[in-house]
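Everything numeric in this text was worked out from a predicted model, so none of it was measured.
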Protein chains: 2
Amino acid sequence: MNEKVGMREVAKRAGVAISSVSRVLTDSPDVSEVMRNRVLDAVAALGYERDLLAMSMRTGATQSIGFVAINVSNPVIATNSVGAENELSKSGYSLLISNSQGNPELDADYIKHFASRRVDGLILSITDEENPRTLEMLRAFKKPIVLIDRELPADIPAGAVLHDHASGVMPAAQHLINLGHRRIVLISGAPRVRPSRERALALKAAAKTNPDVKVTLIPGGYSEIHGYETTLKIMREPNPPTAIFVGGNQILVGVLRALRELKLKVPTDVSLVTCDDLPLAEFIDPPLARVTRDAMNVGEKAAELLLEQINGAEPRTIILPTSFAVGESCAAPKK
Amino acid sequence: MNEKVGMREVAKRAGVAISSVSRVLTDSPDVSEVMRNRVLDAVAALGYERDLLAMSMRTGATQSIGFVAINVSNPVIATNSVGAENELSKSGYSLLISNSQGNPELDADYIKHFASRRVDGLILSITDEENPRTLEMLRAFKKPIVLIDRELPADIPAGAVLHDHASGVMPAAQHLINLGHRRIVLISGAPRVRPSRERALALKAAAKTNPDVKVTLIPGGYSEIHGYETTLKIMREPNPPTAIFVGGNQILVGVLRALRELKLKVPTDVSLVTCDDLPLAEFIDPPLARVTRDAMNVGEKAAELLLEQINGAEPRTIILPTSFAVGESCAAPKK
DNA sequence: AGGGCTTTTGGAAACGCTCCCAGTAAATAC
DNA sequence: GTATTTACTGGGAGCGTTTCCAAAAGCCCT
C-alpha cells in the first residue's frame, strides 16, 4: 500500500492536470466522458480518497455540525443527538458533540471552539438562554443555528424545534386537580431554559381553573441531587404537597431515591407525574404518569431545519406536541 | 465587527511578520518578550481566533477523535461518550460521534469517513468485531485506536478498555444456582462482540460447578425486539426456564414488556438478572438484580489511553471490574 | 481556408496556517 | 577591531484542495 495518494498522484497516473481531477470529483458539468473515465479509473486503481480537510480549507464548508448540549448522557438529549446524527450523516455531515454539564460558561466555550473549527452550523440545547458570553459567541457565529426547545433574543437568527409543553402538562395537571390535589410542587430544572419555563407556565395556567389549587415552583437544575434534596425537604415540612410534578428525568431518579428513603409510598402518600421519559419508566412501581415527547424526531427535525438553512432557506420554527400518559402513580390524596 | 481577521491582519497591526505571529501563538521558545506582547496586544485588539482548520491542514493533526458506536442512544454508550468527551476536551480535542445501529457495514463507513476527516484517533464500540470491511478500514487507519470492550486481530495495534465480565456474572450465576435454578436462559446481544462472548463464557463456567444446571444461549442483538420476541418464545415452551439472564439494557426493556404481556410475575414465575444498568433499574418492581459497570469511567479511561498513544506511547489494555448487585428479582424457583 | 463560437483542458493562485532557511542585529570572544 | 557565536525575525514554500483564467481544441459557417 502506498502511503499517501493525493490528487497529484491521480493526475499523474491519468496523465491529466490536477484541476481536471478535481473537476471530475466535484461533478463539474464541463468534463468530457473520456476525461471522466480516465480519472475515475486512476482513482480506483490508486484507491484514492478525497481529503475532506483540504476540501474544507478551500471551500470554507467543513461538512460538520456542532451539537452544544447541556448533557449528552441524559437519554433525551442522547436521543436528540442520535436523531440529528442519523439525518446529518445522510448528507455527509458529521456531528461534533459537547457537554456543558449545567455550566453555562462551557456552553460559550464550546460555541467558540466549534466556531474556530468552522463548523457549518450549530444545534443548541444549551444550559442557559441568557448567559451573556453565550449570546456574544452566538452573535459572532454567522452561520445557521437551530435550537432544541430553547429561545434566544430576536437579534440572533435561528431556527428552532420547540415543544408545545402545555399539550402534555395541562391534561396532567387537570388529572391531578380532578383527583383532588390542591398542593402541588413542581420540581423544575434549569431556570433559564424554555422547557422549565413552559412547564411552569402551563401548570400555573391549569391551576388557575381552581382557586384552591396552590402550585409551588422549585427550580434548580436537571440533576438527581436537586430532585433528591428538594423532595427530602418538602416532604418533611408540616404541610407537604400531595402531588409532585417532576420536571425532568434526571430529577426523577433523585425524587424516587428520596421517597424510598422517607419510606413514602406512591401514590398513597404522594402522587407523582414526571416529565421526559426514561426507558424503564413504565415498569417502575407503580407505573408512572408521565408527560413525554419524541426525542428522536426532535433530533431529526433539528437536523432537517439546519440543512435547510445551510442550503439557503430562512430559519423556521417547528412546534411538536407533547403527550400525557396516565399512570398509577396518581391517586386521590388522603385527607 | 470586521469580517475575517487572520494572522495577516494581526501581523500588519503589530507591524511584524506573519511567521512571528505564528511563533508567538504556538508558544515557540525563541520569541522576545517585546514581540510576544506586541502580538498578543494585536490579537486581543482584533479579537483574532486561530483557525483550527488551517492549523490542521498544515500540521496534520486535527485535534479531533472519532467515536464509532453501535448506538449512542444506549445509555451505557452515551455515558461512555460523555466520559471520553470530558477527558478529551481538557486537551482541546473534539469528539465526532456516529451510530451504526447494529449495522456492521456502517461501522466501516464511519471509520472510512473519519479517516478522510483525518481524525487523530478512533474510539471503537463497534457492532461486529469480525466484519471484513471494518477490519480492512482499520488496517488502513494508521493512527491510534482504542477499543471499548472489543477485541481485534493482533495485527491491528490498538489499546483497549475491557471489562472483567466474570467478576460480575459469576456471582450472579452462583446466586441463581444457589437459589435452585437449573434452567437458565441467557438472552444475549450482538454475537460477535466481546461482552456477549465473555458473559456467555462466564455463565457457562459457573454452570459447570453443578452438572444439573443447563444454560441456554440465545444470541440476537442489543435490541428491545430481541428481548421481547425471545421471551415470548421461551416462556411459552413446555419447560420454560426458571431464570432469565438478560444480556443488555435494551434487551431488558423487551423482556419486561413480554413478561407483562404474558402476565408472568418476577420473581414468582421467573427470576431475572440483567446486565448493564439503566437509570431506573433500581426502582422497578421488583428491584432488579444486575451486573453493572462504570460507564463514565470507561469513557474517560479510553480517552486517556488514546491521548497516551497520540503522544507516542504504546497501546495499553486496561481491565475494569464489573459487579453484581443483588436484587429481589431472584428467588427460588417454584417446583 | 480562416474567423468566430463553444467546449474542454492546463496552469497557477488562493484558503490560513506552520516551519524551514536566511539574514540582521546584538553579544561574546580573541 | 574583526571574527564568531547567539538570539530573534522576515520571507517564502507548502499542506491538498478548488477555482479562476487563459489557452487549446473542436465545431460550424461563410
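Between the CG atom of A:D51 and the P atom of D:dG14 there is a distance of 18 Å, rounded to whole Å. Following rounding to the nearest Å, B:R38 (CZ) and D:dC8 (P) show an atom-to-atom distance of 16 Å. Note: CE (B:M57) to C1' (D:dA13) measures 13 Å, nearest angstrom. For the pair A:L52 CG and D:dT18 P, the computed distance is 10 Å after rounding to whole Å. Rounding to whole angstrom units, CD of residue A:E9 and C1' of D:dG16 are separated by 10 Å. With rounding to whole Å, B:E33 atom CD is found 10 Å from D:dC8 atom P. Atom CG of A:D30 is separated from atom P of D:dC21 by 14 Å (rounded to the nearest Å). D:dT17 atom C1' lies 10 Å from atom CG of A:L25, rounded to whole Å.
Protein chain A contacts DNA chain C from C:dT8 to C:dG16, reading 5' to 3' and using non-hydrogen atoms of the protein with a distance under 4.0 Å.
Listed nucleotides D:dT9, D:dG12, D:dT19 differ in distance to A:S19; the shortest reach to its side chain belongs to D:dT19.
Checked against side-chain contact (heavy atoms from CB on, under 4.5 Å), B:S73 has the following partners two or more places apart in sequence or in another chain: A:T79, A:V82, B:N71. Under the ring pair (Phe, Tyr, Trp, His ring centres under 6.0 Å) criterion, B:H163 pairs with B:H165, not counting sequence neighbours. With sequence neighbours left out, B:E136 forms a salt bridge (charged side-chain N to carboxylate O under 4.0 Å, His left out) with no residue at all.
With hydrogens and angles left out, the side-chain atoms of A:S116 and B:R50 include no donor and acceptor closer than 3.5 Å. Between the side chains of A:E105 and A:N131, at least one donor N or O sits under 3.5 Å from an acceptor N or O. Side-chain contact, B:D107 with B:S100: a donor N or O sits under 3.5 Å from an acceptor N or O. Remark: the B:S64 side chain and the B:T62 side chain contain an N/O donor-acceptor pair separated by less than 3.5 Å. When only modelled atom types and interatomic distance are considered, B:R117 and A:S94 share a side-chain donor-acceptor pair under 3.5 Å.
Judged as a salt bridge (charged side-chain N to carboxylate O under 4.0 Å, His left out), not a single pair has a partner in residues 17-31 of chain B (not counting sequence neighbours).
When the local axes at the two ends of the helix from C:dA1-D:dT30 to C:dC30-D:dG1 are compared, using 5 base pairs at each end, they differ in direction by 60° after rounding to 10°.
Nearest-nucleotide mapping onto DNA chain C: of B:S20 and B:A54, the residue sitting toward the 5' end is B:A54.
Here B:S32 lies in heavy-atom contact (under 4.0 Å) with sugar-phosphate atoms only. Contact annotation for A:T26: backbone-only contact, meaning every heavy-atom pair under 4.0 Å involves sugar-phosphate atoms and none involves a base.
Look at A:R50 and you'll find a side-chain N or O under 4.0 angstrom from OP1 or OP2 of D:dT18.
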